[in-house]
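Positions are given from 1, in the same order as the sequence printed here. Note that ligands are numbered from 1 as they come in the structure, with each ligand's atoms numbered from 1 the same way.
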Amino acid sequence: MNQLARAKITALGTYVPPRVLTNADFEKMVETTDEWILTRTGIRERHVVDKGVATSDLAVEAAKCALAERGIDASEIEAIVVATVTPDMFFPSTACLVQHKLGIKGIWGFDLSAACSAFVYALQAGAQFVSTGAHKKVLVIGSDVMSSILDYTDRATCILFGDGAGAVVLEPANDGEGIIDFVHEIDGSGACALYMPGGGSLHPSTRETVDKKMHVVHQDGQAVFKYAVRKMGEVCEKLLARNGVKASDIDCFIPHQANQRIIKATADRVGLKPETVIINIDRYGNTTAGTIPLAMQTAREDGRLKKGDLVLLASVGAGFTIGATLLRWTI
Ligand SMILES: CC(C)(COP(=O)(O)OP(=O)(O)OC[C@H]1O[C@@H](n2cnc3c(N)ncnc32)[C@H](O)[C@@H]1OP(=O)(O)O)[C@@H](O)C(=O)NCCC(=O)NCCS
């Protein structure tokens with residue numbers, strides 16, 4: 001990879017639907033309290049779509065913001081990668097729907113399924129096309145409508161997630177800029193810790209699968225928590241070590257937002273400076289593929305992510321999927 005040109009992010013756009021579900025709203029829906037949710041997860045509120053709004057709609061809004069920031073027409077994009085675990089439907093891919101809604105012709109694209117690590121995986125997939133010279137402008141989008149796969153009577157899962165999207169434009173980088181390196185790992189031994197059992201080829205949708213609530217998120221929260229704390233730190237340390245980067249060199253740590261305690265434990269273990277750690281889970285909950293671009297946006301708005309900063313991204317998600325990315329921020 002090092003002999004190839006690097007890719008860099010040249011624009012960022014995000015979108016969350018306007019409707020907000022607060023912890024107080026959940027107090028009316030399930031047996032929970034604002035205090036429990038806040039102390040266990042760090043979440044205060046999350047955004048959710050209205051009926052009829054799908055993942056591709058959020059993705060298109062985020063993409064339009066990124067294109068506007070870059071000041072280019074959608075027709076300049078050569079490929080689209082959509083990271084999502086909640087595609088509008090099994091097929092066609094959400095990438096096709098996004099391409100059509102953006103009115104771009106003659107390009108290609110695909111969806112990438114890696115749950116909460118999907119954005120970092122898609123970023124890397126897109127970066128490879130740029131690095132090899134296959135494409136000059138790639139749109140990478142993380143978008144999820146988690147509210148479409150939640151059981152709003154299960155207090156252990158429904159309070160955790162929200163809907164949202166983020167998009168970046170990837171282009172060739174100059175020396176010293178852009179995406180430097182990544183460490184990715186998958187571990188299917190954790191498949192049953194966080195999954196949606198119904199609706200696939202193993203358990204096609206039937207009245208029985210719906211009655212058994214197999215079409216919603218199932219999670220062993222503690223198993224996921226422990227694994228996430230261990231592996232997020234591990235991949236970050238590996239990535240920093242092999243690039244000769246000290247934790248104190250990182251200007252901005254942008255982790256997947258699943259739980260504030262996972263983020264803080266990872267940052268402590270890796271030795272990252274607390275002021276570099278970006279947390280916005282309080283406003284959005286876990287938006288799965290949307291969290292990292294949404295957190296990039298928060299970091300920029302707060303003046304904590306600036307051109308030239310050395311940035312570390314990290315995630316653990318269902319699968320398990322694990323990822324970390326090191327990059328030099330360029331916008
Ligand atoms: C889900 C999570 C917040 C639960 O926190 P926890 O401290 O592990 O809590 P536990 O699951 O041990 O449950 C403790 C108690 O709280 C209860 N509880 C669960 N959800 C609750 C809620 N919303 N309100 C009140 N009580 C709740 C449980 O029923 C349990 O009660 P019990 O002791 O009587 O059985 C936490 O495990 C977590 O964040 N896991 C990782 C999830 C994640 O990141 N998923 C996405 C990965 S990308």
Side-chain angles (χ1 to χ4, degrees), residues 21-46 83-86 112-122 142-147 149-164 166 184-196 216-236 254-267 279-282 284-295 313-324:
L21 268 184
T22 65
N23 290 351
D25 293 324
F26 278 96
E27 286 179 348
K28 293 177 209 135
M29 293 158 64
V30 288
E31 202 184 325
T32 192
T33 60
D34 172 50
E35 201 255 338
W36 191 96
I37 299 172
L38 196 55
T39 53
R40 298 289 179 116
T41 70
I43 302 168
R44 290 178 191 277
E45 59 186 37
R46 60 300 273 151
T84 188
V85 76
T86 52
L112 191 151
S113 171
C116 294
S117 299
F119 183 79
V120 290
Y121 284 19
S143 183
D144 269 304
V145 174
M146 294 305 292
S147 60
I149 56 166
L150 293 174
D151 173 4
Y152 280 99
T153 65
D154 176 10
R155 66 179 184 175
T157 53
C158 70
I159 53 105
L160 296 172
F161 297 94
D163 303 339
H184 290 171
E185 202 181 310
I186 58 172
D187 179 359
S189 69
C192 289
L194 180 51
Y195 68 135
M196 192 175 92
V216 292
V217 171
H218 291 248
Q219 173 172 253
D220 177 347
Q222 285 206 11
V224 176
F225 188 94
K226 285 181 196 153
Y227 191 88
V229 168
R230 179 165 67 82
K231 289 301 284 192
M232 228 151 110
E234 193 184 298
V235 287
C236 286
I254 306 179
H256 169 56
Q257 311 279 313
N259 187 312
Q260 185 173 271
R261 292 183 293 141
I262 296 175
I263 296 171
K264 288 189 172 162
T266 303
I279 297 179
N280 68 359
I281 192 171
D282 51 319
Y284 302 120
N286 180 352
T287 56
T288 303
T291 61
I292 288 182
L294 281 166
L313 314 177
S315 64
V316 168
F320 291 114
T321 53
I322 308 113

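For the pair K264/I279, a side-chain contact is recorded, criterion being any heavy-atom separation below 4.5 Å from C-beta on. Using a 4.5 Å cut-off on side-chain heavy atoms (C-beta onward), T86 and F161 make no contact. With contacts defined as side-chain heavy-atom distances shorter than 4.5 Å, the pair V216/Y152 does not qualify. Between T291 and Y284 there is no side-chain heavy-atom pair separated by less than 4.5 Å. Between L38 and R44 there is a side-chain heavy-atom pair separated by less than 4.5 Å.
For ligand 1 and I159, the ligand atoms under 4.0 Å from any heavy atom of the residue are 23 (N). Counting atoms of ligand 1 from 1 in the listed order, those under 4.0 Å from a heavy atom of Q219 are 42 (C), 43 (C), 45 (N), 46 (C). Using a 4.0 Å cut-off to heavy atoms of N259, the atoms of ligand 1 that qualify are 3 (C), 38 (C), 39 (O). For ligand 1, the atoms closer than 4.0 angstrom to any heavy atom of T41 are 3 (C). Short contacts between ligand 1 and N286, defined as distances under 4.0 Å to a heavy atom of the residue, involve ligand atoms 46 (C), 48 (S). Within the listing of ligand 1, atoms 6 (P), 7 (O), 9 (O), 14 (C) sit less than 4.0 angstrom from a heavy atom of R40. The atoms of ligand 1 that sit less than 4.0 Å from any heavy atom of L194 are 46 (C), 47 (C). Ligand 1 places these atoms under 4.0 Å from at least one heavy atom of I262: 44 (O).
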Self-check item: Intermediate values then yes/no, side chain to side chain contact (heavy atoms under 4.5 Å, CB included), M196 and V217
Solution: CA-CA 5 Å; M196 192 175 92; V217 171; 5.6 Å; no
Practice problem: Could you check K231 against E234 for side chain to side chain contact (heavy atoms under 4.5 Å, CB included), going step by step and ending with a plain yes or no? | Solution: CA-CA 5 Å; K231 289 301 284 192; E234 193 184 298; 2.8 Å; yes
Practice problem: Go through T287 and Q257 one step at a time and tell me if the side chain to side chain contact (heavy atoms under 4.5 Å, CB included) criterion holds. | Solution: CA-CA 8 Å; T287 56; Q257 311 279 313; over 6 Å; no
Self-check item: Full working for side chain to side chain contact (heavy atoms under 4.5 Å, CB included) between F225 and I262
Solution: CA-CA 7 Å; F225 188 94; I262 296 175; 3.6 Å; yes
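Closest protein heavy atom to atom 23 (N) of ligand 1: R155 O, 2.9 Å. The protein atom (non-hydrogen) at minimum distance from atom 48 (S) of ligand 1 is C116 SG, 2.9 Å. Ranking protein heavy atoms by distance to atom 18 (N) of ligand 1, first place goes to W36 CZ2, 3.4 Å. Scanning all protein heavy atoms for the shortest distance to atom 44 (O) of ligand 1 gives A258 CB, 3.1 Å. When hydrogens are left out, the protein atom nearest atom 12 (O) of ligand 1 is Q222 NE2, 2.5 Å; that is the closest non-hydrogen contact.
For V30, no heavy-atom contact with ligand 1 is shorter than 4.0 Å. Residue contacts with ligand 1, taken as heavy atom pairs separated by less than 4.0 Å, involve F225 via backbone and side-chain atoms alike. At a 4.0 Å heavy-atom cut-off, ligand 1 touches T32 through backbone and side chain alike.
Distance screen at 4.0 Å: atom 40 (N) of ligand 1 has a protein heavy-atom neighbour inside the cut-off. Under the 4.0 Å distance rule, the nearest protein heavy atom to atom 3 (C) of ligand 1 falls inside the cut-off. Protein heavy atoms come within 4.0 Å of atom 7 (O) of ligand 1. For atom 33 (O) of ligand 1, no protein non-hydrogen atom is found at a distance below 4.0 Å. Checking atom 30 (C) of ligand 1 against the protein gives no heavy-atom contact under 4.0 Å.
Distances shorter than 4.0 angstrom do not occur between any heavy atom of T288 and any atom of ligand 1. Under a 4.0 Å heavy-atom criterion, V316 is in contact with ligand 1.
Across G42, A156, G221, heavy-atom proximity to atom 37 (O) of ligand 1 is greatest for G221.
A distance-only check finds a donor-acceptor pair linking the side chain of D163 to the backbone of M146 [under 3.5 Å].
Screening N286, I159, D25 for a side chain to side chain contact (heavy atoms under 4.5 Å, CB included) involving R46 leaves a single residue, I159.
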